[in-house]
Amino acid sequence: LDKCFKEKVRADEKKNRKGVDLTEEQILFWALKIIAAVGYFHSKKIVHRDLKMANILIEKNSDLKVCDFGLAYQFKTDSETENKACGTPTTMAPEVINSQPYRMMPDWWSVGIILYQFMNHVTPFQNPPFENKPGLSDNEKEEQRKKQIKELYDRACNRAIEWDEAAKKYSPELIDLVKRLLDRDPKTRIGSKDSSKEILAHAVFKPEFVERVAKGGYKPQIVPDCFDFDQDFDLASNKLKIDKAMDCFTPEDKNKIDG
């Protein structure tokens, strides 16, 4: 496996909730990477089924890699379909929620969810924060959780997508791309005719920008503070060599490393 760094897109996106919005170019830069990756494994007849920010790793040059293929499925033929409902509730496509036959299109819905989250800092259908009332039994908590998931599924399948003020900072072309990715009908969703090629032909991807990214000429807005495992970890002592690298870990991870 290629070496990746302990950083996720979600972690850097969370920093933006403090008031720093991603530029449209940064969103398009990451969109190009995600779409190319999804298009590649689709060409191998593989549907991921759990695309979300937590499953996209960010390298120190701001490049991206998709990870966690635990729910992925490789179709054996061009006509085979699946109808298993699986994945993360906030990014599941309506056809998956309803156990309808599908092939690759649920992944493009999930890409739309991710791009919406880049623009708005929240997913379009997520529930209000879970209210953990004191005195609830485990069974009552579980029933409350199931109720929230059911409500989330209902919004994903039926409710119009709300665009907050942050979305107004981006071009109509970018908003149109996300709306077309979040088309509830997989037969008309962008990507249904020619996978990633159809999506990359959208007007938001200007040829000059795509060429600049391809040639490595784009300077990312976000460059994560990551460490190089080969350089910064001493296998003999099982310790990190520099204190700065510890900033990449949670307190729980630090305790595990020290132990």
Side-chain contact test, heavy atoms from C-beta onward, threshold under 4.5 Å: evaluate it for [X] versus [Y] and give yes or no.
| X | Y | answer |
| --- | --- | --- |
| Val213 | Lys33 | yes |
| Pro124 | Glu162 | no |
| Leu51 | Val66 | yes |
| Leu28 | Val210 | no |
| Trp108 | Ser195 | yes |
| Tyr102 | Lys84 | yes |
| Ser192 | Met105 | yes |
| Gln221 | Leu22 | yes |

Judged by atom type as modelled, is there a donor-acceptor pair below 3.5 Å linking the side chain of [X] to the main-chain atoms of [Y]?
| X | Y | answer |
| --- | --- | --- |
| Lys206 | Ala203 | yes |
| Glu24 | Ser171 | yes |
| Asn158 | Asp154 | yes |
| Arg184 | Cys157 | yes |
| Trp109 | Met92 | yes |
| Arg155 | Ile161 | no |
| Asn98 | Gln100 | no |
| Gln26 | Thr23 | no |
| Ser110 | Thr91 | yes |

Going by side chain to side chain contact (heavy atoms under 4.5 Å, CB included), Ile113 matches just one of Leu182, Val178, Thr90. Which one?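 So the option named by the test is Leu182.
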Looking at every non-hydrogen atom in both residues, tell me the closest pair between [X] and [Y] and how far apart they are.
| X | Y | answer |
| --- | --- | --- |
| Val47 | Arg103 | CG2-O, 3.3 Å |
| His202 | Ile190 | CD2-CD1, 4.1 Å |
| Ile114 | Met53 | O-CE, 3.8 Å |
| Thr81 | Pro101 | OG1-CB, 3.9 Å |
| Pro94 | Arg189 | CD-NH2, 4.3 Å |
| Ile34 | Phe118 | CD1-CE1, 4.3 Å |

Side-chain atoms of residues 68-76: list all donor-acceptor pairs with protein atoms under 3.5 Å, sequence neighbours left out, distances to 0.1 Å.
residue	atom	partner	partner atom	Å
Asp68	OD1	Gly70	N	3.2
Tyr73	OH	Lys76	NZ	3.4
Tyr73	OH	Glu80	OE2	2.3
Gln74	NE2	Lys44	O	3.0

If you measure only the distance, is there a donor-acceptor pair under 3.5 Å linking the side chains of Lys52 and Thr88?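 Yes, Thr88 and Lys52 have a side-chain donor paired with an acceptor closer than 3.5 Å.
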Same apolar cluster: Leu181 and Met104, side chain cutoff 4.5 Å: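 Different clusters: Leu181 never reaches Met104 through Ile, Leu, Val, Met, Phe, Trp or Tyr contacts under 4.5 Å.
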Do Ile35 and Ile27 sit in the same hydrophobic cluster, where Ile, Leu, Val, Met, Phe, Trp and Tyr count as joined when their side-chain heavy atoms come under 4.5 Å apart?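 Hydrophobic grouping puts Ile35 with Ile27.
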Supply the atom-to-atom distance [X] [atom1] to [Y] [atom2], rounded to the nearest 0.5 angstrom.
| X | Y | atom1 | atom2 | value |
| --- | --- | --- | --- | --- |
| Gln144 | Lys141 | CD | NZ | 9.5 Å |
| Ile175 | Arg180 | CD1 | CZ | 14.5 Å |
| Leu115 | Trp30 | CG | CH2 | 11.5 Å |
| Glu151 | Arg159 | CD | CZ | 10.5 Å |
| Tyr116 | Leu174 | OH | CG | 12.5 Å |
| Phe205 | Leu177 | CZ | CG | 5.5 Å |

Tell me whether the centres of the aromatic rings in Phe209 and Phe29 are closer together than 6.0 Å.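 No, the ring of Phe209 stays outside the 6.0 Å limit from the ring of Phe29, centre to centre.
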What residues form a salt bridge (charged side-chain N to carboxylate O under 4.0 Å, His left out) with Glu25, not counting sequence neighbours?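 For Glu25 the salt bridge (charged side-chain N to carboxylate O under 4.0 Å, His left out) partners, ignoring immediate neighbours, are Arg212.
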So His48 and Phe41, would you call those rings parallel, tilted or perpendicular, with 30° and 60° as cut-offs?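 Ring orientation of His48 relative to Phe41: tilted.
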Considering residues, nucleotides and ligands other than Lys150, do more than 12 of their heavy atoms fall under 6.0 Å from its NZ?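 No - once you tally the heavy atoms of other residues, nucleotides and ligands closer than 6.0 Å, there are 12 at most.
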Would you check, one step at a time, whether the test side chain to side chain contact (heavy atoms under 4.5 Å, CB included) holds for Asp78 with Lys45? CA-CA 8 Å; Asp78 291 334; Lys45 297 186 176 68; 2.8 Å; yes
What verdict does the side chain to side chain contact (heavy atoms under 4.5 Å, CB included) test give for His121 and Asp21, after you've listed the backbone C-alpha separation in whole Å, the side-chain angles of each residue and the deciding distance to 0.1 Å? CA-CA 9 Å; His121 311 300; Asp21 291 316; 2.7 Å; yes
